[in-house]
Amino acid sequence: MNNPSPTTQPMVDEPLPQPKRYDAVELERLTAMVQQPSLFYWKGPQTTAMIEGFRRHYPLKHCVPCSSGSAALHIAVSALRLRPGDEVIVPPLSDMGTYIGILYQQGVPVFADVDPRTYTLDPADVRRRITAKTRAIMVVHFTGNPCDMAAFTAIAREHNLVLIEDCAQSWGARWQDRPVGTIGDFGCFSLNDFKHIGCGDGGIVGTNSEKYGPHLNNWADKDYGRTEGGRDPVTLAPNYRISEPQAAVAAAQLTKLPDIVARRHRIGEFLTASLAGTPGLQLPHVAPGNLHSYWFYLLRLDLPRFSQPRAEIAAALAAEGVACGAVLLRKAAYRWPVFQNHDIFGGTWPARDAGWTTMDYRTVNCPTAESILADCMRFQLNEAMTEAYIDKVARAIRTVLKRMEK
Ligand SMILES: *Cc1c(COP(=O)(O)O)cnc(C)c1O
């Protein structure tokens, strides 16, 4: 018998707390919505309320709600009017949504490595990847931890690059007391069902740029100039419109954002404090003055210190009732088949076939991202958790790791 737990009762002896995400606040908006004669987004009352709600947290001049976070990022990239083969620097630890818009615009995602302690883009490696074709840097505030925006704004200014913030995982996070998403040229957010706030599926992109802002809506709406009233598309733009049902839920969710973020932040910091000093753990590093909004909690294990491989440690933690996983992403993004096979359109990559780029994703390697994927452990965290619950989680983690020390 190889029972990973010596006790019969798991140390975390209560079910995973589950927040009640939708309630009377959403219902009130949805009830008002069904009285409307139209569910179309343009100047719709729910979409208008969503924009106003977003602006209360993110005071950006031009805000375009849309159908997903991927759409928000694609809209931002479209606005740049990339030439085929233009490069956008991206991290390899992210969601496919980070890369989709770049590839659809015939741009080239160029992977730079991440910082070993924050898991976000490493400014020094970003500098090394800049070429004459670089047009933008797309930073991802991964897990909810703000990137080093002082470094990235300096790099962008120096090299005349556009700075896009992928904030899909970082609702409510703050860099030096400024909300992430308002520091670069574009802030892009997701409201898919798994983010801090959700409306089934949805997204929003905002900018203060007078160069890109006035036409931003066209990139989400078939290049139909709603303000000019014309249906005279000048460029190719998809239909990424939101609709009133999604916007109604999003508007309600946005009123809950500060409370959700405050709770997640407190719980995340409490877990870090509770695990501080535990041998064999590298806890997430938050730069002084920043606010991490903990979409999830990611730490690293000093695996040589333990007698068991990571999967066994995760299994032992799960047996103690800890909601965790050994696998964050199966691979760094450049190792996904879409990149390895250069299968972008119809089994080929026209941008490469045409000679606009010589990028070969089979040769890309970001060693720090690879080592994070090899030794990280992901813990669930949500706003319904209490300090008493996290205290049990932290005690279970410390106990299991002690048992597994060499
Ligand atoms: C979720 C996510 C996206 C995509 O958002 P969708 O709404 O699912 O399209 C993009 N980037 C990151 C970092 C994400 O976590």
Side-chain angles (χ1 to χ4, degrees), residues 21 50 54 64-78 88-105 109 111-112 114-115 118-121 136-147 149 152 163-173 175 180-181 184 186-206 219-220 238-243 245-247 249-250 253-254 261 264 284 292-298 325 327-334 336 338-339 369 372-373 376 378 380-382:
R21 299 185 76 193
M50 177 184 174
F54 178 77
V64 176
C66 54
S67 53
S68 70
S70 305
L73 291 157
H74 191 174
I75 292 163
V77 171
S78 299
V88 180
I89 298 176
V90 293
L93 301 182
S94 195
D95 180 85
M96 185 64 198
T98 301
Y99 319 112
I100 290 170
I102 303 166
L103 290 166
Y104 267 95
Q105 295 311 116
F111 291 97
V114 296
D115 179 273
T118 64
Y119 329 131
T120 60
L121 270 178
I137 305 169
M138 193 180 280
V139 299
V140 178
H141 306 293
F142 192 62
T143 76
N145 199 4
C147 296
M149 293 309 285
F152 292 116
L163 191 53
I164 301 172
E165 295 180 71
D166 179 344
C167 305
Q169 302 188 359
S170 56
W171 280 102
W175 177 80
V180 300
F186 293 94
C188 303
F189 295 79
S190 167
L191 287 127
N192 89 19
D193 198 48
F194 308 98
K195 308 304 193 198
H196 290 75
I197 55 172
C199 64
D201 264 311
I204 189 163
V205 46
W219 296 110
N239 175 353
Y240 278 152
R241 298 188 300 238
I242 196 152
S243 70
Q246 293 157 292
V249 177
Q253 289 272 293
L254 279 160
V261 169
R264 282 185 175 244
H292 190 324
S293 66
Y294 294 99
W295 188 48
F296 59 90
Y297 190 96
L298 193 69
V327 179
L328 167 66
L329 297 160
R330 265 200 287 268
K331 296 166 186 161
Y334 52 79
W336 296 341
V338 59
F339 288 110
I372 291 167
L373 291 176
C376 70
R378 176 187 170 134
Q380 282 197 44
L381 195 148
N382 70 49

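On a predicted model such as this, the values are computed, not experimentally measured, just so you know. Both counts, for ligands and for their atoms, begin at 1 and track the order of listing.
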- Item | Lys195 charged N/C atom sitting above Trp295 aromatic ring, 6.0 Å / 45° | yes

- Query: So which heavy atom in the protein is nearest atom 4 (C) of ligand 1, and how far is it from that ligand atom?
  - Reply: Asp95 OD2, 3.4 Å

- Message: So, regarding Asn192 and ligand 1 (criterion: nitrogen or oxygen to nitrogen or oxygen, under 3.5 Å), is there a contact or not?
- Response: yes

- Is there any N or O on Ser70 that sits under 3.5 Å from an N or O of ligand 1? yes

- Provide the number and element of each atom of ligand 1 under 4.0 Å from a heavy atom of Thr98. 11 (N)

- Message: Looking at every heavy atom in both Thr98 and Met138, which two are closest together, and how far apart are they?
- Response: O-SD, 3.2 Å

- Message: Side chains of Gln105 and His74: any donor to acceptor distance under 3.5 Å?
- Response: yes

- In ligand 1, which numbered atoms sit nearer than 4.0 Å to a non-hydrogen atom of Val140? 13 (C)

- If you measure every N/O of Asp166 against every N/O of ligand 1, is any gap under 3.5 Å? yes

- Query: Evaluating non-hydrogen atoms only, which member of Lys195, Met96, Gln169 is closest to atom 2 (C) of ligand 1?
  - Reply: Lys195

- Task: Using a 4.5 Å cut-off on heavy atoms from C-beta on, say whether the side chain of Leu121 contacts that of Pro91.
- Result: yes

- Please determine if Arg264 forms a cation-pi arrangement with Tyr294, meaning its NZ or CZ atom is less than 6.0 Å from the six-membered ring centre and no more than 45° off the ring axis. no

- Query: When the ring centroid of Tyr99 is compared with that of Phe111, is the distance short of 6.0 Å?
  - Reply: yes

- Message: If you take the nearest heavy atom of each of Gly69, Gly198, Cys188, which one is closest to atom 6 (P) of ligand 1?
- Response: Gly69

- At a 4.0 Å threshold, what atoms of ligand 1 neighbour a non-hydrogen atom of Ser68? 7 (O), 9 (O)

- Query: Looking only at heavy atoms, which two atoms of Phe189 and Cys167 are closest? And how far apart?
  - Reply: CE2-CB, 3.4 Å

- Please lay out, stage by stage, how Leu191 and Ile197 fare under the test side chain to side chain contact (heavy atoms under 4.5 Å, CB included). CA-CA 6 Å; Leu191 287 127; Ile197 55 172; 3.7 Å; yes

- Min heavy-atom dist Gly203 to ligand 1 below 4.0 Å: no

- Message: Please list, in number order, the atoms of ligand 1 under 4.0 Å from a heavy atom of Ser190.
- Response: 5 (O), 6 (P), 7 (O)

- Note on the structure: ligand 1 atoms nearer than 4.0 angstrom to some heavy atom of Ser94 are 13 (C)

